Amino acid sequence: MYLLIIGWLYVALMMAVVEATSAVGSVVGAFFTFLLYGVAPVALLWYLLVGRSGRPRNGIQAPGTMTQQGPSPDSAVDADRGGQAPADPVAPVRKEP
(Lines give C-alpha, C1' and ligand atoms only; values in the text may rest on other atoms or scores of the structure.)
Protein backbone atom coordinates (compact mmCIF):
# COMPACT_ATOMS: atom_id res chain seq x y z
CA MET A 1 0.00 0.00 0.00
CA TYR A 2 2.87 2.35 0.75
CA LEU A 3 4.18 1.82 -2.77
CA LEU A 4 0.85 2.99 -4.21
CA ILE A 5 0.87 6.10 -2.02
CA ILE A 6 4.46 6.94 -2.97
CA GLY A 7 3.67 6.37 -6.66
CA TRP A 8 0.56 8.54 -6.51
CA LEU A 9 2.42 11.37 -4.79
CA TYR A 10 5.20 11.12 -7.40
CA VAL A 11 2.71 11.44 -10.26
CA ALA A 12 0.98 14.37 -8.53
CA LEU A 13 4.37 16.03 -7.96
CA MET A 14 5.27 15.63 -11.65
CA MET A 15 1.90 17.15 -12.59
CA ALA A 16 2.68 20.11 -10.31
CA VAL A 17 6.16 20.51 -11.84
CA VAL A 18 4.67 20.58 -15.35
CA GLU A 19 2.09 23.12 -14.19
CA ALA A 20 4.77 25.36 -12.67
CA THR A 21 7.15 25.23 -15.66
CA SER A 22 4.59 25.54 -18.43
CA ALA A 23 4.13 28.86 -20.24
CA VAL A 24 0.50 29.21 -19.17
CA GLY A 25 0.90 27.66 -15.72
CA SER A 26 1.74 29.27 -12.40
CA VAL A 27 3.33 28.29 -9.12
CA VAL A 28 0.03 28.82 -7.30
CA GLY A 29 -1.67 26.48 -9.75
CA ALA A 30 1.10 23.93 -9.22
CA PHE A 31 0.67 24.16 -5.46
CA PHE A 32 -3.08 23.56 -5.70
CA THR A 33 -2.57 20.78 -8.23
CA PHE A 34 -0.28 18.96 -5.82
CA LEU A 35 -2.58 19.69 -2.88
CA LEU A 36 -5.83 18.59 -4.56
CA TYR A 37 -4.53 15.74 -6.72
CA GLY A 38 -1.85 14.45 -4.37
CA VAL A 39 -2.14 15.29 -0.70
CA ALA A 40 -5.95 15.32 -0.28
CA PRO A 41 -6.65 11.86 -1.78
CA VAL A 42 -3.68 10.31 0.04
CA ALA A 43 -4.77 11.84 3.35
CA LEU A 44 -8.32 10.55 2.86
CA LEU A 45 -7.08 7.08 1.97
CA TRP A 46 -4.70 7.06 4.91
CA TYR A 47 -7.49 8.10 7.26
CA LEU A 48 -9.89 5.45 5.98
CA LEU A 49 -7.51 2.51 5.66
CA VAL A 50 -4.62 2.96 8.05
CA GLY A 51 -6.17 5.15 10.74
CA ARG A 52 -9.09 2.76 11.22
CA SER A 53 -7.19 0.49 13.57
CA GLY A 54 -6.73 3.33 16.06
CA ARG A 55 -10.39 4.33 16.18
CA PRO A 56 -12.99 2.44 18.18
CA ARG A 57 -15.69 0.83 16.06
CA ASN A 58 -19.36 1.21 16.93
CA GLY A 59 -18.54 2.82 20.25
CA ILE A 60 -16.93 -0.32 21.65
CA GLN A 61 -13.79 0.48 23.58
CA ALA A 62 -10.75 -1.70 23.81
CA PRO A 63 -10.28 -3.60 27.05
CA GLY A 64 -8.52 -1.60 29.72
CA THR A 65 -9.59 1.78 28.31
CA MET A 66 -12.88 2.09 30.13
CA THR A 67 -13.38 5.52 31.64
CA GLN A 68 -16.16 4.50 33.99
CA GLN A 69 -16.41 1.30 35.96
CA GLY A 70 -19.59 -0.71 35.94
CA PRO A 71 -21.62 -1.44 39.06
CA SER A 72 -19.84 -3.39 41.73
CA PRO A 73 -21.25 -6.81 42.63
CA ASP A 74 -22.52 -5.66 46.02
CA SER A 75 -24.15 -2.44 44.75
CA ALA A 76 -27.52 -4.15 44.16
CA VAL A 77 -27.79 -5.00 47.84
CA ASP A 78 -26.04 -1.95 49.22
CA ALA A 79 -27.16 0.82 46.85
CA ASP A 80 -26.93 3.75 49.25
CA ARG A 81 -24.15 2.25 51.39
CA GLY A 82 -26.55 2.16 54.33
CA GLY A 83 -26.31 -1.56 54.86
CA GLN A 84 -29.90 -2.38 53.89
CA ALA A 85 -31.43 -3.50 50.63
CA PRO A 86 -33.16 -0.69 48.70
CA ALA A 87 -36.94 -0.55 48.92
CA ASP A 88 -39.56 1.15 46.76
CA PRO A 89 -40.16 4.66 48.10
CA VAL A 90 -43.77 4.60 46.89
CA ALA A 91 -46.06 1.59 47.13
CA PRO A 92 -47.40 0.39 43.77
CA VAL A 93 -50.92 1.59 42.98
CA ARG A 94 -53.43 -0.67 41.30
CA LYS A 95 -56.16 0.50 38.98
CA GLU A 96 -59.77 0.15 40.07
CA PRO A 97 -61.64 -2.51 38.09
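This is a predicted model, so every value here is computed, not measured. All residue numbers in this chain count up from 1 along the given sequence.
- Linking Ile, Leu, Val, Met, Phe, Trp and Tyr residues whenever their side-chain heavy atoms come within less than 4.5 Å places Trp46 and Phe34 in a single cluster.
- Surrounding CG of Leu3 are at most 12 heavy atoms belonging to other residues, nucleotides or ligands under 6.0 Å away.
- The nearest pair of heavy atoms linking Ala16 to Thr33 is N-CG2, 4.3 Å.
- Pro41 approaches Gly38 most closely through the heavy-atom pair CD-O, 3.6 Å.
- For Leu45, the side chain to side chain contact (heavy atoms under 4.5 Å, CB included) partners two or more places apart in sequence, or in a different chain, are Leu49.
- Of the residues Val17, Val18, Val11, the one that meets the side chain to side chain contact (heavy atoms under 4.5 Å, CB included) test with Met15 is Val11.
- Criterion: ILVMFWY side-chain heavy atoms under 4.5 Å apart, direct or through other members. Under it, Tyr10 and Leu36 are not part of a common hydrophobic cluster.
- Val27 and Leu13 are members of different hydrophobic clusters when ILVMFWY side chains are connected at heavy-atom separations under 4.5 Å.
- Leu9 contributes atom CG, which lies 11.0 Å from atom CG of Leu4 (distance to the nearest 0.5 angstrom).
- Partner of Val42 under the side chain to side chain contact (heavy atoms under 4.5 Å, CB included) criterion, chosen from Tyr47, Trp8, Tyr37: Trp8.
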